[in-house]
Peer 1: 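Starting off with a structure, shown below.
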Amino acid sequence: MKIDLARFRETFFEEAAEHVATLEQGLLGLERPDADPDLLNSIFRAAHSIKGGSGTFGLEQVASFSHVLENVLDRMREGTVQPTRARIDLLLRSTDVLKGLLVSARSGEAAPAELEQVLADLQREQASGADPAAASAAGGEGASEHAAPPQATNAPQLRRIHFRPASDVLLSGLDPILVLRDLASLGEIREVTCDTSRLPSLTALDPEVCHLAWTVVLSSDACEAAIRDVFAFVEDGADIQVSVAAGASAAASTARGPAVNERATPKPTADATAPAAGPAFRRRASDVEASSSIRVSIDKVDRLVNLVGELVIAHSMVADVVSHFTLDKLDRLQAAVSLMGRNTREMQERVMGVRMMPIGSLFGRFPRMVRELSGALGKDIQPEMSGEETELDKAVVERIGDPLTHLVRNAVDHGIDDVETRRAHGKPEQGVIRLAACTQGGSVIIEVADDGRGLDKERIHRKAVERGLARADEVLTDEQLYALILQPAFSTADKVTDLSGRGVGLDVVKRNVEALNGSISITTTPGRGTSFRIKLPLTLAILDGQVLLVGEELFVLPLVSIVESLRPKRAHVKQVFGDGEVVMVRGDTLPLIRAHRLLGVPTEVIDPCEGLTVIVEHEGRRVALLVDDLRGQQQVVIKGLDVNYRRVEGVLGATVMGDGRVAFILDVAGLIRMTDPDAVEARRALAHARAETSYAPAAAAA
Amino acid sequence: MTEDRSVSHKSREAEARAQYLTFHLGEEEYGIEILRVQEIKRYPAVTPIPNSPPHIKGVMNLRGSVVPILDLRTRFGLPAVEHTRFTVIIVVTVGTKVVGLVVDSVSDVLAFTASQIEPPPQLAMGTKDSFLTGMAKHDERLISLLAIDAVAEREEPVAVEEAA
Amino acid sequence: MARTALIVDDSISMRQMVAFTLKEAGFSVIEGENGQDALTRADGQKIDLVITDLNMPVMDGITLIRELRGKPAFKFTPILMLTTESQDTKKQAGKSAGASGWIVKPFDPGKLLAVIGKVLP
């Protein structure tokens, strides 16, 4: 049977990335005085898992590096060496190298440049104080597999094998018969005798105890080690003897086997088979990037499966009532339908829940960042985190990362003072940055707080006046005042440090949060600290979209509706019925819809052979949509137009793009409907009216 | 005693006086109840809404909300003009909705008592009559007070009918 | 009827690979994330084979093996441990807890099935 495990490579890389994060977080956690004693175990486990998985996929560099790393960690775990700052520095660097090695294994890029240096440092660390022989042996093992494979003798040999398993062998879930079968696979069994001499009478028989022994005469070209290997699982407490059968095959008739009573040394069962690395495990680098998957816990899937089951039952109830329907069954029908409704709603919620992931995956990046930034600034800052398990939509987690990073940088940079200043103010030298998340009703609250100097109201006001954001005599509430620092290009730092690039300020944070339908607020106490509170909706209506350009406007087309995009050859575009147009795409004739006309957007790209046509599909109907150009694909947050306006034909909703502008999300079904002749006529009238009233020197008088 | 009375008298008077934000469209001056005004903004980046009536300029991003922009000139049939540095958006609430109004410039906050407001004149302008709640005089200025709900909400397809 | 295997590993990729290989070989598969999880999932199920990692959070493999062997339903069930340790100590600990045998990582599907053949007819 050929089983290809290459499909699990991607999972391994994702998992490995998590293990690397665990390593990094754990190492940082070790420096804390209140470090959890189990922390080292989980760090060790992470390195260990990477080693195990990488070996299976034939990623030898990763395997051998993580092996050395594991050894160093193991010594720490045993308490042989202490987690000093220097050691943790080295381990953190190793984590980086490991991360780089994984990237290089995944994409085919070159191995990280620091590999050799770090590996040398690690090996030195591994060897220091340890038994040098053991260290070098361990170092070699990860890379090169076990020693030479068992030698095979060419000519088959006859051997007599005696096997009396331990009497409790059955209680280990082992069956001696299987051992005999395994033995048979090595060659040809000439003779088997079963020794029943120890078998008690039926009344005294304990069926859980093995009383039997066997003697087998085997003709095989396998060496003795291979034969003993068959008994690897059952050798404990067993009597196993292997000897060359007397008067056997001519070639070996005189030779006797070595010490028959000697207890076989356990041998790894790995030896005989080929190493796991093979061409099947290699993938092209281009395959790697497309993956964008969600990992879902088995629990969630199980609950979904159960729900589907209930839904099927509810459906059959409805079907049953309907198939023999009489009016007196109306109650039953209503009950069944409402049950189905409940199931459907719950299902909807749970399916959305599949997209949820803990915010801890994001928080994980901050301890390291804080450590490095504060080190560079001569500050001593301890990050504290809580609520890491709080779940948020995957897309929200991905998009809130940058704003949080900015807030944390900001806190390190401007919020918390250096050690001397803190001491002078009678505060503990070590500052604290707290990241907290929790669920509150339908929202998630994320807080980034520091115990630094707090915001300076005076200075903010002065700056606001300078920037024309407030009048000098204006009296602002605290809330209004703090809100000013979220305005574009507002900075209260007296000097620009190299850490937080002032180009992007808190206004970007605010904009990103708001694009996610969230809000941000600030509280501060002079001398005590500042806290930024971000409130985000638990779930979002999110859509995978293709961004496209028509005229000067960006639109988003749901990816699910897109079949393909192409630039038609001139011969493939035809006029029909006067102003109707079609595009021929591989034998299909598709109506050509000019997006600029449908959407009333002026553009210069009116030749289908110059723009791009996007083939979209709805309910089996395909049309070719002419647009100017395609931009990237991205996930967008859908905002209903009817919240402040009304529904618009052909438009599913709006979204806020990265630059803060609104773009419309197109509704393919609506666009197709809009090509009906009546709709076309109405639109023409509207366009006419628009032209009349838009700015023009000779505009109609009032 | 006397002080008390004067205070209560004042507050009664204050109750009767409604405050209006006034703004210009060309030479004409209009007023909107100040309680309906959420904020005043510079003219933002506006994304046109496909196939919308002419007076809907498009939508803007207001702190993550998508808010329609309504051009009052077009709405009132005034000639369009180029935007100046005084052109602003008055963000108003209409029921649960938030709408931005484009005006040439904002001028004042004025308070009128009921007696200063006269009923709107019959202009024989059809639907546009209902855009006003009244007219107020302030010194020599005549200020048209807007029925903002009617202006923003009623989506009668004026333009299409006219063009058809 | 298909035989059922319980696969216990905190590494998803490892678990998936073992599960996939076994499914290809005709097993139906129950997966557990750690010892504790596996015990919960195995409860009330008829299981013909257990493959477990040793190094896991919450409940490690050795404890799981001991727990399983204590249950009448698992008295004779083959239990294989997945291990990267080439040292005897882990194997011995597993064996004395009641493991039938071991599979050394890294492995390939052929090797995995060969080892299973040693403990399941």
Side-chain angles (χ1 to χ4, degrees), chain A residues 510-519 550-555 595 598-601 637 639-646 648-651 653-657 659-664 666 674 679 681-702, chain B residues 25-28 38 42 44-71 73-83 87 91-100 102 125 128 152-153 155 157-164:
Chain A
K510 181 168 183 266
R511 204 170 67 206
N512 288 341
V513 168
E514 284 169 353
L516 292 168
N517 291 345
S519 61
V550 181
E552 290 180 350
E553 302 298 331
L554 292 178
F555 292 91
L598 216 53
L599 302 167
V601 181
V637 179
K639 293 174 188 262
L641 258 187
D642 51 353
V643 175
N644 290 319
Y645 186 55
R646 57 176 170 84
V648 173
E649 181 77 338
V651 171
T655 191
V656 177
M657 304 296 278
D659 64 356
R661 280 192 64 142
V662 177
F664 291 108
L666 299 178
M674 284 166 79
E681 194 47 48
R683 231 173 14 254
R684 206 167 279 160
L686 206 55
H688 183 66
R690 248 195 127 77
E692 296 268 281
T693 49
S694 61
Y695 171 72
Chain B
L25 296 175
E27 294 300 303
E28 299 171 18
Q38 191 179 308
R42 268 192 327 192
V46 172
T47 307
I49 304 177
N51 306 311
S52 56
H55 64 273
I56 302 292
K57 286 289 123 185
V59 288
M60 67 170 172
N61 166 21
L62 182 68
R63 292 184 292 278
S65 297
V66 176
V67 171
I69 308 278
L70 195 149
D71 188 311
R73 277 184 165 270
T74 317
R75 187 68 167 141
F76 297 159
L78 300 171
V81 292
E82 221 160 343
H83 292 157
T87 308
V91 180
V92 297
T93 52
V94 180
T96 59
K97 300 187 173 183
V98 177
V99 176
V102 189
M125 286 172 69
K128 284 178 198 163
E153 189 81 317
E155 263 300 341
V158 187
V160 177
E161 272 167 26
E162 278 168 3

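Convention: sequence-line order gives letters A, B, ...; per-chain numbering from 1.
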Peer 1: If I measure from the heavy atoms of chain A, does B:V94 come under 4.5 Å with its side chain, its backbone, both, or neither?
Peer 2: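 It is neither, since no heavy atom gets under 4.5 Å.
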Peer 1: So which residue, B:G95, B:G58, B:G64, ends up with the most heavy-atom pairs under 4.5 Å with chain A?
Peer 2: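 Looking at each option in turn, the highest pair count goes to B:G64.
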Peer 1: Run the numbers on A:L641 and A:F664 for side chain to side chain contact (heavy atoms under 4.5 Å, CB included), then give the verdict.
Peer 2: CA-CA 9 Å; A:L641 258 187; A:F664 291 108; 3.6 Å; yes
Peer 1: Please classify the contact of B:V99 with chain A as side chain, backbone, both or neither, using a heavy-atom distance under 4.5 Å.
Peer 2: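 Contact with chain A is through the side chain of B:V99 alone.
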Peer 1: Checking A:N644 against B:L62 for the side chain to side chain contact (heavy atoms under 4.5 Å, CB included) test, could you report, in this order, the C-alpha distance in whole Å, the side-chain angles of both residues, the deciding distance, and whether it holds?
Peer 2: CA-CA 11 Å; A:N644 290 319; B:L62 182 68; over 6 Å; no
Peer 1: Take B:T87 and B:V102, measure what side chain to side chain contact (heavy atoms under 4.5 Å, CB included) needs, and give me the verdict at the end.
Peer 2: CA-CA 7 Å; B:T87 308; B:V102 189; 3.8 Å; yes
Peer 1: A:E553 vs A:R661, test: salt bridge (charged side-chain N to carboxylate O under 4.0 Å, His left out). Steps then yes/no.
Peer 2: CA-CA 10 Å; A:E553 302 298 331; A:R661 280 192 64 142; 3.5 Å; yes
Peer 1: Could you check whether any side-chain N or O of B:T74 sits under 3.5 Å from a backbone N or O of B:P54, counting only pairs where one atom can act as donor and the other as acceptor?
Peer 2: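 Not at all, since once roles are kept as given, no pair shorter than 3.5 Å links the two residues.
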Peer 1: Taking B:K57's backbone N and O only, do any of them form a donor-acceptor pair with B:D71's side chain (distance below 3.5 Å, no angle check)?
Peer 2: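 Answer holds: no.
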Peer 1: Go through the atoms of A:D642 and report whether side chain, backbone, both or neither lie under 4.5 Å from a heavy atom of chain B.
Peer 2: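 Backbone of A:D642 only, per the 4.5 Å heavy-atom cut-off to chain B.
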Peer 1: Go through the atoms of A:V643 and report whether side chain, backbone, both or neither lie under 4.5 Å from a heavy atom of chain B.
Peer 2: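 The backbone, not the side chain.
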Peer 1: Who wins among B:A45, B:P44, B:S52 for the most heavy-atom pairs under 4.5 Å with chain A?
Peer 2: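 Answer, by heavy-atom pair count under 4.5 Å with chain A: B:S52.
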Peer 1: Is chain B contacted by the side chain of A:L598, its backbone, both, or neither, given a heavy-atom distance below 4.5 Å?
Peer 2: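 Contact with chain B is through the backbone of A:L598 alone.
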